[in-house]
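Written below as structure tokens is the structure these notes are about.
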Amino acid sequence: MHIQLKNTKNTRSLSDLKNKSGKHIKNHLLIRSDALHKVDASDIQILTEEYHLKRVIDLRCDNEVKNNPDVSMTGVEIYLNPILPSERVGITKKGNDEEDFRDFIEAIQKNGADSSVKFMTDVYQEAIVSDFSRKAYQKFLKLLLTDAKGATLWHCSAGKDRAGFATILVLYALDFRLEDIIEDYLSTNNYYQGNIEHFVSICGEEYREVLKTIFGVKKEYIDVILKCIEENYGSIEEYMENGLYFTKEDCYKLQELYLEER
């Protein structure tokens, strides 16, 4: 369910989803989002009073956090848990979002539209196989095993790739059907069309395909994720168990904490 905030685009409660056994995620306990560095008083009121937000897990790189720290909210604890190292290509370098974004888009455009797809698939593969990313996703999942006494929100910059894969892992651990996990992942595209049109108007029509790739998600990315996991671990279950050290017992505990029958 989309949460209407003035200063984010991709903030969503997962409580409207239903798992294989027909159970729902408890009302608004788990929220995925894009970055919170621009939220204002009205946004904060919605998050803290309507959704009872108590914990934020920031998945951005250290320099992204330094340049654009999340807005502090009374009674909300922020955990910094970068999924990728700061030196990762494509991550903020100058401290100016617009300049960094334009440099990034132009660099990809020069290499051809296909390079934007390759960039995105490389990000997902790195998130799966690198020790840095695996430890971060393990920490993320383990944090969820601790009851925040309210809602937990996790985010990266756009809330679609690093946070998107985090959501895939959460929903898998909560025993959701793969087709429902994919549907939730792809629904990000519903919230960024305005950004694409905005930047096309600034950068030019020739940048449209690159912008669609950077701002959107594709079934192709899920296929890359599943293939990479299968090649390196055999299955998602084995990846959770042997890559992230998140056991079946941990999954059961997560289900007890966050699922309910309605």
Side-chain angles (χ1 to χ4, degrees), residues 1 3 8 10-21 23-37 39 44 46-62 64-65 69-84 127-128 131-156 159 162-176 181 184 236-262:
M1 182 189 76
I3 299 175
T8 69
N10 196 16
T11 305
R12 288 182 271 154
S13 168
L14 302 180
S15 62
D16 57 333
L17 304 178
K18 186 167 63 175
N19 82 348
K20 294 176 184 176
S21 302
K23 293 183 178 180
H24 288 260
I25 294 172
K26 292 178 182 177
N27 202 29
H28 307 317
L29 277 190
L30 299 178
I31 300 170
R32 55 176 296 175
S33 183
D34 45 330
L36 303 179
H37 62 287
V39 294
I44 292 171
I46 291 171
L47 289 171
T48 57
E49 295 185 14
E50 292 186 28
Y51 291 89
H52 307 290
L53 183 64
K54 293 297 183 183
R55 177 168 58 193
V56 169
I57 305 174
D58 190 341
L59 305 177
R60 296 176 300 164
C61 298
D62 291 338
E64 291 178 284
V65 174
D70 282 349
V71 175
S72 178
M73 292 177 259
T74 302
V76 178
E77 190 163 5
I78 298 176
Y79 294 84
L80 302 181
N81 186 36
I83 297 299
L84 297 171
I128 293 166
D131 287 341
F132 187 99
S133 297
R134 285 192 299 105
K135 289 176 181 177
Y137 277 121
Q138 178 191 10
K139 179 181 176 181
F140 163 73
L141 289 171
K142 295 289 187 180
L143 275 172
L144 292 183
L145 291 176
T146 304
D147 189 354
K149 307 301 181 184
T152 296
L153 179 153
W154 59 90
H155 75 85
C156 52
R162 290 166 287 184
F165 186 45
T167 306
I168 289 172
L169 295 174
V170 171
L171 293 179
Y172 181 83
L174 293 176
D175 199 31
F176 279 76
I181 295 174
D184 174 75
I236 300 180
E237 183 176 342
E238 290 296 319
Y239 168 68
M240 297 282 285
E241 185 101 21
N242 300 318
L244 304 180
Y245 303 105
F246 200 77
T247 66
K248 291 180 181 178
E249 289 72 24
D250 289 331
C251 290
Y252 296 146
K253 182 177 179 181
L254 203 72
Q255 292 165 24
E256 289 177 0
L257 192 58
Y258 292 106
L259 294 178
E260 66 179 4
E261 294 183 355
R262 293 183 190 170

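Not counting sequence neighbours, the partners of E237 by the salt bridge (Lys or Arg N to Asp or Glu O under 4.0 Å) test are K248. Residues that satisfy the salt bridge (Lys or Arg N to Asp or Glu O under 4.0 Å) test with D58, not counting sequence neighbours, are R60. Annotation: salt bridge (Lys or Arg N to Asp or Glu O under 4.0 Å) contacts of E241 (sequence neighbours excluded): none. Residues that satisfy the salt bridge (Lys or Arg N to Asp or Glu O under 4.0 Å) test with R134, not counting sequence neighbours, are D131.
With hydrogens and angles disregarded, a donor-acceptor distance shorter than 3.5 Å links the side chain of N10 to the backbone of G159. In this structure a side-chain-to-backbone donor-acceptor pair under 3.5 Å is missing from E50 to L47. Although no hydrogens or angles enter the test, the distance criterion places a donor-acceptor pair under 3.5 Å between the side chain of Y258 and the main chain of L144.
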Inset, instruction - Dump the intermediate steps for side-chain contact (heavy atoms from CB on, under 4.5 Å) on F165 and Y137, then the final yes or no. - result: CA-CA 9 Å; F165 186 45; Y137 277 121; 3.4 Å; yes

Inset, instruction - Just do the side-chain contact (heavy atoms from CB on, under 4.5 Å) check on D250 and K142 with the steps written out, would you? - result: CA-CA 8 Å; D250 289 331; K142 295 289 187 180; 2.9 Å; yes

Legend entry - Worked check of side-chain contact (heavy atoms from CB on, under 4.5 Å) between L153 and L36: CA-CA 10 Å; L153 179 153; L36 303 179; 3.8 Å; yes

Inset, instruction - Just do the side-chain contact (heavy atoms from CB on, under 4.5 Å) check on D70 and V56 with the steps written out, would you? - result: CA-CA 9 Å; D70 282 349; V56 169; 3.6 Å; yes

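In this structure, F246 and A173 approach most closely via the heavy-atom pair CE2-CB, 4.2 Å. Counting all heavy atoms, side chain and backbone alike, G75 lies closest to K54 at O-CD, 3.7 Å. Closest of all the heavy-atom pairs between A163 and W154 is O-NE1, 3.5 Å. The minimum heavy-atom distance linking C61 with P82 is given by the pair CA-CB, 3.9 Å. Nearest heavy-atom pair across R55 and L143 is NH1-O, 3.0 Å. Nearest approach of I83 to S133, heavy atoms of both residues: O-OG, 2.7 Å.
Atoms CG and CG, from L80 and L59 in turn, are 10.0 Å apart once rounded to the nearest 0.5 Å. Taking CZ of R12 as the start and CE of M1 as the end, the distance is 11.5 Å to the nearest 0.5 Å. Distance check: S72 OG to I78 CD1 gives 6.0 Å after rounding to the nearest 0.5 Å. Remark: L254 CG to D175 CG distance equals 11.5 Å, nearest 0.5 Å. To the nearest 0.5 Å, atom CG of residue L53 and atom OG1 of residue T48 are 7.5 Å apart. Distance check, rounded to the nearest 0.5 Å: CZ of F140 to CD1 of I57 gives 5.0 Å.
Heavy atoms from other residues, nucleotides or ligands lying under 6.0 Å from OH of Y252 number 12 at most. Residue-environment remark: NZ (K135) stays at or below the threshold of 12 foreign heavy atoms within 6.0 Å.
In this structure the side chain of L145 never reaches within 4.5 angstrom of the side chain of L257, judged on heavy atoms. A 4.5 Å side-chain heavy-atom check between T167 and L14 finds at least one atom pair inside the cut-off.
Applying the salt bridge (Lys or Arg N to Asp or Glu O under 4.0 Å) definition to pairs two or more places apart or across chains, those involving residues 24-36 are R32-D184. Pairs engaging residues 143-156 under the salt bridge (Lys or Arg N to Asp or Glu O under 4.0 Å) rule: D147-K149 [sequence neighbours left out].
Side-chain atoms of N19 and H24 include no donor-acceptor pair closer than 3.5 Å.
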